[in-house]
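Here's the structure, in structure tokens; my notes come after.
These numbers come from the heavy atoms of this one structure, side chains and all, not from hydrogens, waters or symmetry mates.
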Amino acid sequence: MISLSHVSKRYPGGYQALHDVGFTIDAGELAFITGPSGAGKTTLLKLLVAIERPTSGSVIVNGQNVGALKPRAVPFLRRNFGLVFQDHKLLFDRNVFDNVALPLQIAGYGAKDAARRVRAALGKVGLLKYEKALPITLSGGEQQRLCIARAIVHRPAILLADEPTGNLDADYAADICELFRSFNQVGVTVVIATHDQTLLARLAPRVIALKHGKLAP
Ligand code: ADP
């Protein structure tokens with residue numbers, strides 16, 4: 001499903017974030033990208049969804065060479081993915097329901113179909129009772145669950161999360177962990193970038209470790 005071969009990424013300005021990285025992730029796997037801050041974890045996730053392009057090497061997702069995709073093909077690639085990224089902020093002037101509905105509206109879903117999917121997604125993350133609430137009234141853990149509902153509302157095959165427990169205390173982090181496990185158990189491929197050791201211990205996932213942009217043994 002995901003296959004990287006000899007992937008290097010040098011940012012404009014010359015910083016080499018990834019050096020000759022290769023691995024595969026099969027459909028249905030739960031995989032962690034680990035490593036200290038600056039190791040290249042976020043860069044790796046961005047390559048999978050064509051937010052960044054590799055300088056060399058190949059990034060293949062569902063048989064498509066992501067690094068070579070034309071810009072107009074990128075939205076089709078992204079339909080495969082749900083993204084829980086730190087820079088994808090919630091809209092604090094819209095309620096919980098509308099935050100989750102927005103990606104479906106943009107994708108052109110009808111109102112009735114969208115509402116059904118939004119409620120299904122909110123149900124999965126346990127936020128149905130807050131559908132009319134504003135995000136600011138939710139706890140940090142609930143806000144993160146809302147981000148996850150927004151990421152899975154279009155039922156992606158692959159869920160990518162970048163430090164999803166970064167700002168959460170241990171109980172909330174455990175809660176988020178269980179959610180990722182539940183999506184994985186129904187067949188979603190889950191890839192999580194983190195340096196959170198408790199998350200690792202809890203989920204016992206496949207681990208892809210990075211150090212200074214290289215695969216660590
Ligand atoms: P991690 O997620 O493991 O903390 P990143 O992939 O965010 O690592 O970053 C790897 C390295 O690449 C860091 O040294 C970072 O400063 C650098 N980097 C990340 N994004 C950019 C960018 N857009 N331009 C230049 N350098 C970047």
Side-chain angles (χ1 to χ4, degrees), residues 1-11 16-36 38-88 103 107 147-148 150-165 176-177 179-196 199-200 203-217:
M1 171 167 261
I2 293 170
S3 173
L4 274 70
S5 175
H6 298 294
V7 169
S8 294
K9 172 65 184 176
R10 182 184 292 277
Y11 280 107
Q16 182 100 25
L18 293 172
H19 306 257
D20 197 23
V21 171
F23 59 82
T24 63
I25 296 175
D26 293 330
E29 270 199 277
L30 170 65
F32 271 34
I33 317 279
T34 66
K41 304 182 294 298
T42 304
T43 300
L44 231 169
L45 294 186
K46 287 179 172 172
L47 292 176
L48 299 180
V49 287
I51 294 172
E52 294 289 349
R53 306 272 178 156
T55 313
S56 58
S58 66
V59 178
I60 310 288
V61 175
N62 290 340
Q64 279 189 306
N65 185 351
V66 173
L69 283 184
K70 298 221 161 60
R72 68 169 185 275
V74 170
F76 296 99
L77 167 79
R78 299 224 177 118
R79 285 182 193 172
N80 295 297
F81 288 95
L83 305 182
V84 183
F85 279 15
Q86 283 155 352
D87 54 1
H88 291 186
C147 291
I148 294 171
R150 185 181 55 179
I152 54 104
V153 70
H154 63 298
R155 301 195 194 134
I158 311 170
L159 185 55
L160 302 185
D162 193 5
E163 297 289 359
T165 58
I176 297 295
C177 247
L179 257 184
F180 284 122
R181 195 207 302 271
S182 69
F183 291 126
N184 181 243
Q185 278 169 346
V186 295
V188 178
T189 305
V190 178
V191 183
I192 302 175
T194 188
H195 61 257
D196 183 343
L199 210 60
L200 276 170
L203 288 176
R206 151 104 186 272
V207 173
I208 296 161
L210 288 177
K211 198 170 178 188
H212 303 308
K214 296 183 180 153
L215 282 188

(Q) Does anything in residues 46-85 form a ring pair (Phe, Tyr, Trp, His ring centres under 6.0 Å)? List the pairs, not counting sequence neighbours. (A) Phe85-His88
Would you tabulate the side-chain donor-acceptor contacts of residues 57-74 under 3.5 Å, counting partners in other chains and residues two or more places apart, or write 'none'?
unit_1: Asn62; atom_1: ND2; unit_2: Asn80; atom_2: OD1; d: 3.3
unit_1: Asn65; atom_1: OD1; unit_2: Gly67; atom_2: N; d: 3.4

Q. Under 3.5 Å, is there a donor-acceptor pair between the side chain of Lys41 and the main chain of Pro36?
A. yes
Q) Got a sec, which residues hit side chain to side chain contact (heavy atoms under 4.5 Å, CB included) with His212, two or more places apart in sequence or on another chain? A) none
Q. What residue pairs, at least two apart or across chains, pass salt bridge (Lys or Arg N to Asp or Glu O under 4.0 Å) with a residue in residues 208-217?
A. none
Q: Quick one: pull up CG in Leu47 and CG in Leu4 and give me the separation to the nearest 0.5 Å.
A: 7.0 Å
Q) So, do Ile192 and Pro205 sit near enough that their side-chain heavy atoms are less than 4.5 Å apart? A) no
(Q) Applying side chain to side chain contact (heavy atoms under 4.5 Å, CB included), can you list everything that pairs with Gln16, at least two apart in sequence or on another chain? (A) Ser8, Arg10, His19
Q: Identify the two heavy atoms, one from Leu18 and one from Ala39, that lie closest to each other, and give their separation to 0.1 Å.
A: CD2-O, 4.4 Å
Q) Can you tell if the side chain of Pro164 reaches within under 4.5 Å of the side chain of Asp162, non-hydrogen atoms only? A) no
Q) Between Phe180 and Ile148, does a side chain to side chain contact (heavy atoms under 4.5 Å, CB included) hold up when you go through it step by step? A) CA-CA 9 Å; Phe180 284 122; Ile148 294 171; 3.9 Å; yes
Q | salt bridge (charged side-chain N to carboxylate O under 4.0 Å, His left out) against Arg53, all qualifying residues, sequence neighbours excluded | A | none
Q: Considering non-hydrogen atoms only, spot the tightest contact between Ala17 and Thr43 and give its length.
A: CB-OG1, 3.9 Å
Q: Check side-chain hydrogen bond (donor to acceptor under 3.5 Å, both in side chains) between Thr165 and all other residues, then give those that pass, not counting sequence neighbours.
A: Asp196
Q) Say you draw a straight line from CG of Asp20 to NE2 of His6; how long is it, rounded to the nearest 0.5 Å? A) 5.5 Å
Q. Looking at residues at least two apart in the chain, or sitting in another chain, which of them share a side-chain hydrogen bond (donor to acceptor under 3.5 Å, both in side chains) with Lys9?
A. Glu52
Q) Do other residues, nucleotides or ligands put more than 12 heavy atoms under 6.0 Å from the NE2 atom of His154? A) yes
Q: Would you list the pairs meeting salt bridge (Lys or Arg N to Asp or Glu O under 4.0 Å) in which at least one residue belongs to residues 74-88, sequence neighbours left out?
A: none
Q. Who are the side chain to side chain contact (heavy atoms under 4.5 Å, CB included) partners of Ala151, not counting sequence neighbours?
A. Val84, Leu159
**Q.** Distance-only polar pair, side chains of Thr55 and Tyr11, donor-acceptor under 3.5 Å
**A.** no
Tabulate below the donor-acceptor pairs under 3.5 Å that side-chain atoms of residues 21-35 make, not counting sequence neighbours, or state none.
unit_1: Glu29; atom_1: OE1; unit_2: Asp26; atom_2: N; d: 2.7
unit_1: Glu29; atom_1: OE1; unit_2: Arg206; atom_2: NH1; d: 3.0
unit_1: Glu29; atom_1: OE2; unit_2: Arg206; atom_2: NH1; d: 3.2

**Q.** From CG (Leu160) to CD1 (Ile158), nearest 0.5 Å
**A.** 7.0 Å
